[in-house]
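Below, each value reflects all heavy atoms present in this structure, side chains not excepted, and no hydrogens, waters or symmetry copies. This one's a predicted model, so the numbers in the text were calculated from it and none came from an experiment. By convention in this document, chain letters (A, B, ...) are assigned in the order of the sequence lines, proteins followed by strands, and residues within each chain are numbered from 1.
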Amino acid sequence: MTCHSHFKSLAIAAAIALPLSGLSIYSPALAQQTVKIGSVLSVTGPASFLGEPEDKTLRMYVDKINAAGGVAGKKIELVIYDDGGDANKARTFATRLIEDDKVVAMVGGSTTGTTMAMVPVFEEAQVPFISLAGAIEVVDPVRKFIFKTPHTDKMACEKIFENLKQRNFTKIAMISGTDGFGASMRAQCVKVAPTYGVQIIAEETYGPRDSDMTAQLTKIKGVAGVQAVVNPGFGQGPAIVTRNYAQLGMSATPLYQSHGVASKSFIELAGPAAEGVRLPAAALLVGDKLPDGDPQKKVVVDYKQTFEATAKQPVSTFGGHAYDGLYIMVEAMKRANSTDAKKVRDEIEKTKGFVGTGGIVTMSPTDHLGLDLSAFRMLEVKGGDWTLLPPGT
Amino acid sequence: MLAALRHRYGILLVLAIVIAVLPLAFPSSYYFRVASLVWVSAFAAIGLNILMGKAGQVSLGHAGFFGIGAYAVAIGPTHLGVPSLVALLLGCLLSALLAFLVGRPILRLKGHYLAIATLGFGVLVALVITTESRWTGGPDGMSVMKLTLFGWRASGSDTWYWITGGLLLAGTWIALNLDETPTGRAFRALHDSEIAARVTGINVNRFKLQAFVIAAVYASLAGSALALMNGFVNPDQAGFLHSIELVTMVVLGGLGSVLGSIVGAAVLIMLPQVLTVFQEYENLLLGAIIIVSMIFMREGIVPMLSKFMMGRRA
């Protein structure tokens, strides 16, 4: 045999042996000294902008908690898997967390798709699962072991409509993205509109990768009586809508964006066209602008500083959701003084007045989210930056 | 055992033994889940291999049929009140029909053109699934009612291990038998030279279409099985990346080798699970392993190994 074919057979052997040997690695849990918290996040793939800060936040704060002595006398052992945004993979990893790693709790699930795929696994195993996904389906209907931290798109709609009502606007147009975020929020907005006396008199949609929405906006422009335009959307779409909106000279009609674009990059992408755009967002985004008396100020500023100092990247609300989830879980364990899954679940449900980055959380057997509209702040873009709108304007 | 793999009943027997014996080594139902995923993917890959490996046509949109099967068992029981099993059959029928209608014009294309046309078909299916949210639940997907047969509900990883294992066995048996039929021989003739096949009186277009329809039905069935096993579906299952994954399974395992499709599926499903220990290097390693095996095992894992073994003996 030549040297070359030796290498060849070695490579073959490696390719075959690797998957076989790795799967049989089975590590028994060190249940006495540690408490295992599991997480499945979309650290890579199309949803990595969610999963990546979540992953960093969890690792960062678990180290902190452990350095301070852990929880209920035990150190936390964090098991994180990356699902790459694939719901099917997430489901497999969820099974792995339960069956193989034997976690007692779970904080994770970056997207609604992956979360919904994992929900049955945790319900069946009766292990508490705090999701980091946005859509309301996660906690509506309420499932015994499933909780979530991010505010819902329904609340974003309500916050926008509340603001419309204050300005005496009743007739609006809606232009929404057809991606998961846009479609879900659009449906919620349509549902809650009548409660606020809001009539949607024109509706348009755009694809997540469309690069021009002039046609849809021109149609909206042609509808008489539109007092405001709402754009449920995510990513670059809303920035393009905002630009086209200004180009078509529609700026006299107020434009509302959603919490989905609540990041600095939206203002950068939309440029001067973003002036005057309003949107609901979490306090985390305007931490330093909050008045000193604000109950969330300390938590939000602390998290922002810790995250930016360690991760060396600007803070995002998504990492904040992971922070909230982890601390709700840890505090429930502390209150229960136990790491028994069922006791922890009961205590999570009793969470009261927890001040997180997303708002003040008070859960109940019928509310596994525990946030109200005060979790959202109404922002307006002014001078290329966010400004906090005083209530009632 | 290796000699057995040269005969088609030998392959079936070995596969049956592997399926039957594997669970003895499983410490938890997580392993049942991973194995069931392998069986389902292998089933789809075997179908695609009939089209790609045997008949020599390419399809970059095969996940489209997978998605149709998956959404058939999701939409049927939920919106139309059709029992799961009937929905599964309707899904197969729809896939076959679509493959027939779409395949007629596009299978006249060759090479890159055919690849692009099938790719377009896959993208279209995914697009429809994503946008028709009233029926499909949109981009976040929808949940699937559990399969009920005469009052017995199929749930649990171990149950699905046996169902998917049985399915794979049946799929393998059919694919192996196909080899020895006039149709199978016509496929191979097509693969080697279309012109030569036409000269010997083979209706090239008809057989291409036949292979396409067979592959579509395989994918549709696999999609239905996965959806029923998971209890949910989402548009990713019909997406472009899934199509590529299926093609990779076929090519990695060995074009034209039924056993290769199973090995290819096993490698691609198990690797991400095994590589989690490497954390952030996971994707890097996954890519590297695939590149290395494509360079050193150009014909695919199984054909290369069998050649290697025979070479040794000689």
| query | Which residue pairs satisfy the salt bridge (charged side-chain N to carboxylate O under 4.0 Å, His left out) criterion with at least one member in residues 289-302 of chain B, sequence neighbours excluded? | reply | B/Glu299-B/Lys307

| field | Engaged part of A/Asn88 at the chain B interface, taking heavy atoms whose separation is under 4.5 Å | value | both

| request: Examine whether an atom of B/Leu127 lies under 4.5 Å from a heavy atom of chain A, and if so say whether it belongs to the side chain, the backbone or both; otherwise answer neither. | output: neither

| remark: Greatest number of non-hydrogen atom pairs under 4.5 angstrom with chain B, of A/Thr115, A/Thr92, A/Thr178, A/Ile98, falls to A/Thr92

| field | Toward chain B, the part of A/Thr44 with a non-hydrogen atom under 4.5 Å | value | side chain

| request: Please work out whether the ring planes of A/Phe49 and A/Phe234 are parallel, tilted or perpendicular, with thresholds of 30° and 60°. | output: tilted

| task | Tell me, for B/Met142 versus chain A, whether the close heavy atoms (under 4.5 Å) come from the side chain, the backbone, both or neither. | result | neither

| query | Under 6.0 Å between ring centres, would you say that holds for A/His368 and A/Phe129? | reply | no

| remark: Contacts satisfying salt bridge (charged side-chain N to carboxylate O under 4.0 Å, His left out) that involve residues 23-36 of chain B (not counting sequence neighbours) are none

| message | Taking the basic N atoms (NZ, or NE/NH1/NH2) and the acidic carboxylate oxygens, is any pair closer than 4.0 Å for A/Asp55 and A/Arg59? | response | yes

| query | What's the shortest heavy-atom distance between A/Ala90 and A/Thr114, and which atoms? | reply | CB-CB, 3.8 Å

| field | Aromatic centroids of B/Phe66 and B/Phe43 separated by under 6.0 Å | value | no

| task | Can you tell which part of B/Asn230 gets under 4.5 Å to a heavy atom of chain A, answering side chain, backbone, both or neither? | result | both

| task | Could you tell me which portion of B/Leu241 (side chain, backbone, both or neither) has an atom closer than 4.5 angstrom to a non-hydrogen atom of chain A? | result | neither

| B/Pro235, part contacting chain A, at a heavy-atom distance under 4.5 Å | neither

| Heavy-atom proximity to chain A below 4.5 Å, by part of B/Ser29 | both

